[in-house]
Amino acid sequence: MEGKRAYNRGHVLVLPYPTQGHINPLLQVAKRLAFKGLKTTLVTTLSSWRSMYTESISVDVQTISDGYDDGGFLKAESIEAYLNRFKEVGSQTLAELIKKQKSSGHPVDCLVYDSFLPWALDVAKSFGLVGAPFFTQSCAVENIYYHVHQGLLTVPMTETTAASLPGLPPLDIMDMPSFISVSGSYPSYFAMVVNQFSNLETTDWILVNTFQELEVEEVDWMTRRWPLLRTIGPTIPSMYMDKRVTYDMDYGLNLFKSDGSACLNWLNKRAAGSVVYVSFGSLAALEVEQMEELGWGLRRTNSHFLWVVRSSEVDKLPNKFIEETSDKGLIVAWSPQLEVLAHQAVGCFVTHCGWNSTLEAVSLGVPMVGIPQWTDQPTNAKYVEDVWEVGLRARPGEKGIVCREEVERCVREIMEGERGEQIRKNAIKWRNLAKEAMDEGGSSDKNLDEFVAKLVFK
Ligand code: UDX
């Protein structure tokens, strides 16, 4: 891809945590920086690179090792073992890559790294590079983790009353990230999200995947604490976001094989706003009973539905579900989600409220029904329903499962109800604000320009 101009300096390495929800936004950051004239290189782990379905991408790619080159995370005996080995082997191989770039005539000036990998800053600093963590999750969620890091929020929370944290609306326990509300939940991941704040005092920037207008008070509070914080989102393929930049429709690096033409051909036959799109992202594993309730709930809505059921989840579908719903539903293993959300046939997104999915729906103006599963998703669902008012959160019943009647109620409310009408209006408002943030001179675009200027003219 040709940038607007090419600078003589400013080679940026961009290092995501190797899961889909982190590769996508950081790949977009890399593409944006390249568009602005910097040489950018995306750095992935060899294991994830080997399992990727690559469409054409417009930035260079280099690999480092996580210590599990054949199979990655799946080959580790535990999450803790994986994260420790990634830190050890990743630090060494990242240092080797930086040296190699220098000897091949492309010295590195800056490392933008996933905030889940704070050890990358130590590597950057050992070479005198500019170091910039990129927070893939919302400012609200990062604010909560920061309070845990500072010992200002006791975990696990026990009260069912609202927590009052500065810069945030009142949050019930069910609105908190799962690591905080569920005792002993994934201790290694919990340590990882809290550790994001372990060495921030020595970073040169803090970049966040949100936009100013979406989280006004949250960004304001965090910026007062961290003056180097800049919002640069939503990190979504350019053609959806910025009139000047129309080089990409999709992210471009998929860990799953997409059923793209099947989805789009099927959507092309549906009326505007008539389809419910359903996806739970790249990681969530639903209980068998939840799959059953969700499936029959979708059937009860009587709407057409396009449901992404990853191959690891497909055995959980109710018996004969595909046959019995083939007049209404299409089930695929992976979709080109951006193109699906942007399709005029889609009227509602039933989502786990992963931060990328949430930002994508907000940015494309698609109303949501949130069925959050874990990590930051409950907090995102809270904001979807109560703060931005762009969707509803389905309430779990007994055993923590959202029943079929509740799925039906929420979808019908969005598709047919009075509240749905207001939600659709709100969704358009937020879509316009997201586009403005990324357009030339918008809040996120200006922040990225500032980052580039400091790098090339320092
Ligand atoms: C995880 C966490 O769940 C999320 O909350 C966190 O903020 C980032 O890491 P994941 O669960 O995969 O990510 O969800 P999400 O953040 O929504 O990311 C999924 C990505 O995969 C999105 O960019 C989405 O567009 C893409 N996707 C998903 C597809 O391209 N096709 C699909 O069929 C499903």
Side-chain angles (χ1 to χ4, degrees), residues 16-29 48 52-55 73 114-117 134-142 144-145 176-179 185-186 189 192-193 196 208-210 233-237 240-241 248-260 262-264 267 277-286 305-314 330-343 346 349-364 366 368 370-384:
Y17 184 80
T19 57
Q20 194 73 62
H22 291 248
I23 292 167
N24 284 356
L26 271 160
L27 173 56
Q28 280 313 120
V29 171
S48 59
M52 272 172 190
Y53 299 90
T54 314
E55 289 147 37
F73 171 72
D114 198 307
S115 56
F116 280 11
L117 309 172
F134 174 79
F135 284 79
T136 53
Q137 300 182 337
S138 76
C139 230
V141 165
E142 299 305 349
I144 295 169
Y145 291 147
M176 285 288 179
S178 62
F179 304 134
S185 163
Y186 295 97
Y189 284 145
M192 182 170 77
V193 295
Q196 296 177 102
V208 191
N209 188 16
T210 188
T235 53
I236 288 179
Y240 302 102
M241 299 312 304
D248 55 349
M249 294 270 291
D250 210 343
Y251 292 102
L253 288 176
N254 271 315
L255 294 168
F256 303 85
K257 193 162 173 28
S258 172
D259 294 328
C263 295
L264 297 171
L267 285 174
Y277 171 61
V278 189
S279 164
F280 284 75
S282 65
L283 297 171
L286 271 60
F305 60 89
L306 169 59
W307 186 3
V308 177
V309 181
R310 301 191 317 275
S311 57
S312 55
E313 295 282 286
V314 84
L330 176 69
I331 294 181
V332 296
W334 193 251
S335 81
Q337 182 158 303
L338 262 305
E339 281 182 81
V340 168
L341 289 175
H343 198 287
V346 172
F349 180 18
V350 176
T351 169
H352 67 317
C353 293
W355 183 237
N356 296 287
S357 294
T358 304
L359 258 190
E360 289 161 8
V362 165
S363 306
L364 296 172
V366 183
M368 285 170 264
I371 308 185
Q373 299 297 302
W374 69 311
T375 163
D376 56 338
Q377 297 153 19
T379 315
N380 301 337
K382 159 80 180 170
Y383 272 70
V384 163

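Atoms within a ligand are numbered from 1 in the order they appear, just like the ligands themselves.
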Restricting to non-hydrogen atoms, name the atom on Asp376 and the atom on Tyr145 that form the minimum distance, rounded to 0.1 Å. N-OH, 4.4 Å
Starting from atom 27 (N) of ligand 1, what is the nearest protein heavy atom, named by residue and atom, and what distance separates them? Trp334 CZ2, 3.2 Å
Side chain, backbone, both or neither: which applies to Tyr251 and ligand 1 if a contact is any heavy-atom pair less than 4.0 Å apart? side chain
Any Thr19 heavy atom less than 4.0 Å to ligand 1: no
Any nitrogen or oxygen of Ser335, main chain or side chain, under 3.5 Å from a nitrogen or oxygen of ligand 1? yes
Sub-4.0 Å heavy-atom contact, His352 with ligand 1: yes
Quick check: does Asn356 get an N/O under 3.5 Å from an N/O on ligand 1? yes
Close approach, Thr136 and ligand 1, non-hydrogen under 4.0 angstrom: no
Please report the closest heavy-atom contact between Glu313 and Ala285, naming both atoms and the distance. OE2-CA, 3.4 Å
How long is the straight-line distance from NE2 of His22 back to OG of Ser282, given to the nearest 0.5 Å? 8.5 Å
Using 30° and 60° as the class limits, which term best fits the ring planes of Trp334 and Phe256: parallel, tilted or perpendicular? parallel
Please state which part of Asn24 comes within less than 4.0 Å of ligand 1, counting heavy atoms only: side chain, backbone, both or neither. side chain
Hey, does Gln377 come in under 3.5 Å of ligand 1, counting only N/O atoms on both sides? yes
Do Asn24 and Gln28 have side-chain N/O donor and acceptor atoms under 3.5 Å apart? no
Could you tell me, atom by atom, which parts of ligand 1 come under 4.0 Å of a heavy atom of Val308? 33 (O)
Among the heavy atoms of Ser279, does any lie under 4.0 Å from an atom of ligand 1? yes
Distance-only side-chain donor-acceptor flag, Gln20 / Tyr251, under 3.5 Å: no
Can you find a side-chain donor-acceptor pair between Tyr277 and Ser335 that sits under 3.5 Å? yes
At under 4.0 Å between heavy atoms, is it the side chain or the backbone of Gln337 that contacts ligand 1, or both, or neither? both
Are Trp374 and Tyr186 close enough that their ring centers fall under 6.0 Å? yes
Selection from Thr235, Asp250, Leu283, Asp376 by shortest heavy-atom distance to atom 1 (C) of ligand 1: Leu283
Polar contact flag for Asn380 and ligand 1 (N/O pairs, less than 3.5 Å): no
Between atom CG of Leu338 and atom CG of Leu364, what is the distance when rounded to the nearest 0.5 Å? 6.0 Å
Please state which protein non-hydrogen atom is closest to atom 6 (C) of ligand 1 and give its distance, to 0.1 Å? Gln137 NE2, 3.5 Å
Please answer whether the main-chain N or O of Ser357 pairs with a side-chain N or O of Gln337 as donor and acceptor at a distance below 3.5 Å. no
